[in-house]
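Have a look at the structure below, then the notes.
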2 protein chains.
Amino acid sequence: MTYTIKEVAAKTKLSIYTLRFYDKQGLLPFVARNSSGYRAFTDGDLNLLHTICCLKETGMKIKDIRQYIDYVMLGPASVVQRRELLENHRRAVVAQQAKIAESLAEIDYKLNIYTTPEAQKILAMEQAFAGAEKVANHLPNPYLSVQSGHSE
Amino acid sequence: MTYTIKEVAAKTKLSIYTLRFYDKQGLLPFVARNSSGYRAFTDGDLNLLHTICCLKETGMKIKDIRQYIDYVMLGPASVVQRRELLENHRRAVVAQQAKIAESLAEIDYKLNIYTTPEAQKILAMEQAFAGAEKVANHLPNPYLSVQSGHSE
DNA sequence: CTAAACCCTAGAGATAACTCTAGGGCAAGC
DNA sequence: GCTTGCCCTAGAGTTATCTCTAGGGTTTAG
């Protein structure tokens, strides 16, 4: 049993265009062609494609994914290189996760202010402060400093 | 006290080019100019720039960051819109974190195989299986199926 | 045997986010 | 007052990753 490019697109949620693009970039050297020149994906191909998606999902560049696939095509002998490549990538991903978590904590801090009942008051104070800093440095104040109009 | 673009670049690890690009994209409407037309960053500006970096770090598009900054420039009245924007973004980031964690788990699974003493044997079996699948479907076998040469 | 729905390639176009160049003004030290 | 090292803008160029178009072959159902 093999799959057409359309079926693979449906399974992977990559577009047909993207699959062909990946092939052009050398990411799919393992996908064979049938007698009409059509790509015929096997289940084993889908496994490897899934790995490619995991690498892409975690931010690996196509050039580096190609390097990994090249190692795979070299067979079991390349296990050391594959391992080194994935370990390096793993470190990068973990570092990236940490940075994202840090930034998310700051976003949550902002959200916390926005969610508080005194949000308007706090923001007004911050804006007044930022504006005063501009004036103290002989700079135009870019904030409109609209006072909170009361109802209507 | 204000900072030149060079000093800000050093502090934020954004390049001078990127800072000017962000300004061109409307991300820095709050940065004032001195009498010579030079950008003069205040500490308050650095705070906002830091928020911009958090949003970028978590994958927000420049267009959406501009929307957020536009809300900030509108003053305290825009608290509801800011909150909604950040909450939407928060959800996207958390979802993205989950996907990355999932992909990383799969990479770790691969790494685990590569690290085991029987790695070569396992990979050889996988490759033989994938090759057999090709042959069973009347397709050329793209794997070199080089046997593990023994030492030297 | 033909129309519809696939498949293919080559290559142009799109999008996002920078990155750099050209040409020119300002500021501080010798 | 002139060189050096900043600063500015406008706009061209780059990189990465798709996304689509044109032109053409294949397969299948009526």
Side-chain angles (χ1 to χ4, degrees), chain A residues 1-29 31-42 45 49 52-69 89 92 96 99 103 137-140, chain B residues 1-29 31-42 45 49 52-69 89 92 96 99 103 137-140:
Chain A
M1 183 54 189
T2 63
Y3 308 94
T4 66
I5 197 170
K6 194 186 188 189
E7 291 165 338
V8 174
K11 274 182 201 292
T12 60
K13 286 164 186 177
L14 298 174
S15 76
I16 291 180
Y17 297 140
T18 300
L19 285 166
R20 288 206 268 245
F21 169 70
Y22 282 180
D23 199 1
K24 233 188 278 190
Q25 296 302 304
L27 262 47
L28 312 179
V31 176
R33 303 300 183 102
N34 67 19
S35 52
S36 304
Y38 292 9
R39 291 174 187 86
F41 291 78
T42 61
D45 293 347
L49 185 51
I52 289 170
C53 287
C54 284
L55 295 176
K56 180 174 82 82
E57 203 69 68
T58 50
M60 190 184 280
K61 294 270 190 283
I62 284 180
K63 209 186 60 171
D64 293 329
I65 299 178
R66 178 169 52 225
Q67 178 66 78
Y68 176 74
I69 294 296
H89 181 57
Q96 180 64 10
K99 272 209 295 196
S103 290
N137 285 291
H138 317 294
L139 297 169
Chain B
M1 184 51 189
T2 63
Y3 308 94
T4 67
I5 197 171
K6 193 186 189 188
E7 290 165 338
V8 174
K11 274 183 202 294
T12 59
K13 287 165 185 176
L14 298 174
S15 75
I16 291 179
Y17 296 140
T18 300
L19 284 167
R20 287 205 269 244
F21 169 70
Y22 283 178
D23 199 1
K24 235 189 276 191
Q25 296 301 305
L27 262 47
L28 311 179
V31 175
R33 304 299 182 105
N34 67 19
S35 51
S36 305
Y38 292 10
R39 291 174 187 83
F41 291 78
T42 62
D45 293 346
L49 185 51
I52 289 171
C53 288
C54 285
L55 295 176
K56 181 174 81 85
E57 203 70 66
T58 50
M60 189 182 281
K61 295 271 192 283
I62 284 181
K63 210 186 59 174
D64 294 328
I65 299 178
R66 179 170 50 225
Q67 177 66 78
Y68 176 73
I69 294 296
H89 180 58
Q96 180 65 9
K99 273 210 295 195
S103 290
N137 285 291
H138 317 295
L139 297 169

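Order of the sequence lines sets the chain letters (A, B, ...), proteins ahead of strands, with each chain counted from 1.
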Value in whole Å for how far the [atom2] atom of [N] lies from [atom1] of [X]:
X     : N      : atom1 : atom2 : value
A/D64 : D/dT17 : CG    : P     : 9 Å
A/D23 : D/dT17 : CG    : P     : 16 Å
A/R66 : D/dA16 : CZ    : C1'   : 12 Å
A/L19 : C/dT9  : CG    : C1'   : 16 Å
B/Y3  : D/dC7  : OH    : C1'   : 19 Å
A/L28 : C/dC8  : CG    : C1'   : 15 Å
B/F41 : D/dC6  : CZ    : P     : 16 Å
B/K61 : D/dT17 : NZ    : P     : 13 Å

Query raised in the report: In chain order, what residues pass the side chain to side chain contact (heavy atoms under 4.5 Å, CB included) check against B/N137, with sequence neighbours excluded?
Result: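 So B/N137 forms a side chain to side chain contact (heavy atoms under 4.5 Å, CB included) with A/T2, A/T42, B/E133, B/L139.
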
Using 0.5 Å steps for rounding, measure from the [atom1] atom of [X] to the [atom2] atom of [Y].
X     : Y     : atom1 : atom2 : answer
B/Y17 : B/I5  : OH    : CD1   : 11.0 Å
B/L19 : B/R39 : CG    : CZ    : 8.0 Å
A/C53 : A/K13 : SG    : NZ    : 11.5 Å

Would you say that [X] contacts [Y] through its side chain, given a criterion of any heavy-atom pair below 4.5 Å between the two side chains?
X     : Y     : answer
A/V31 : A/L49 : no
A/D64 : A/L55 : no
B/L14 : B/K56 : yes
A/Y22 : A/I65 : no

Query raised in the report: Judged by atom type as modelled, is there a donor-acceptor pair below 3.5 Å linking the side chain of B/R66 to the main-chain atoms of B/Q25?
Result: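 The answer is yes, because a donor-acceptor pair under 3.5 Å joins these two groups.
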
Requested in this report: Give a yes/no answer on whether the side chain of B/R33 brings an N or O atom under 4.0 Å of OP1 or OP2 in D/dT9.
Outcome: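 Yes, because at least one side-chain N or O of B/R33 sits under 4.0 Å from OP1 or OP2 of D/dT9.
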
Requested in this report: Answer yes or no: does a side-chain N or O of B/R39 lie under 4.0 Å from OP1 or OP2 of D/dT9?
Outcome: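 Yes, B/R39 has a side-chain N/O under 4.0 Å of OP1/OP2 on D/dT9.
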
Query raised in the report: If you find the nucleotide of DNA chain D closest to B/I5 and the one closest to A/M60, which residue's nucleotide is nearer the 5' end?
Result: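 In this pair, the answer is B/I5.
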
Sort me out a list of protein N/O and nucleotides 18-21 of chain D N/O pairs below 3.5 Å, or just none if empty.
{"from": "D/dC18", "atom 1": "OP2", "to": "A/Y22", "atom 2": "OH", "distance (Å)": "2.7"}

Which atom pairs link the protein and nucleotides 23-27 of chain D when you take only N or O atoms and keep those under 3.5 Å?
{"from": "D/dG25", "atom 1": "N2", "to": "A/Y38", "atom 2": "OH", "distance (Å)": "2.7"}
{"from": "D/dT26", "atom 1": "O4'", "to": "A/Y38", "atom 2": "OH", "distance (Å)": "2.9"}
{"from": "D/dT26", "atom 1": "O3'", "to": "A/S36", "atom 2": "OG", "distance (Å)": "3.1"}
{"from": "D/dT27", "atom 1": "OP1", "to": "A/S36", "atom 2": "OG", "distance (Å)": "2.4"}

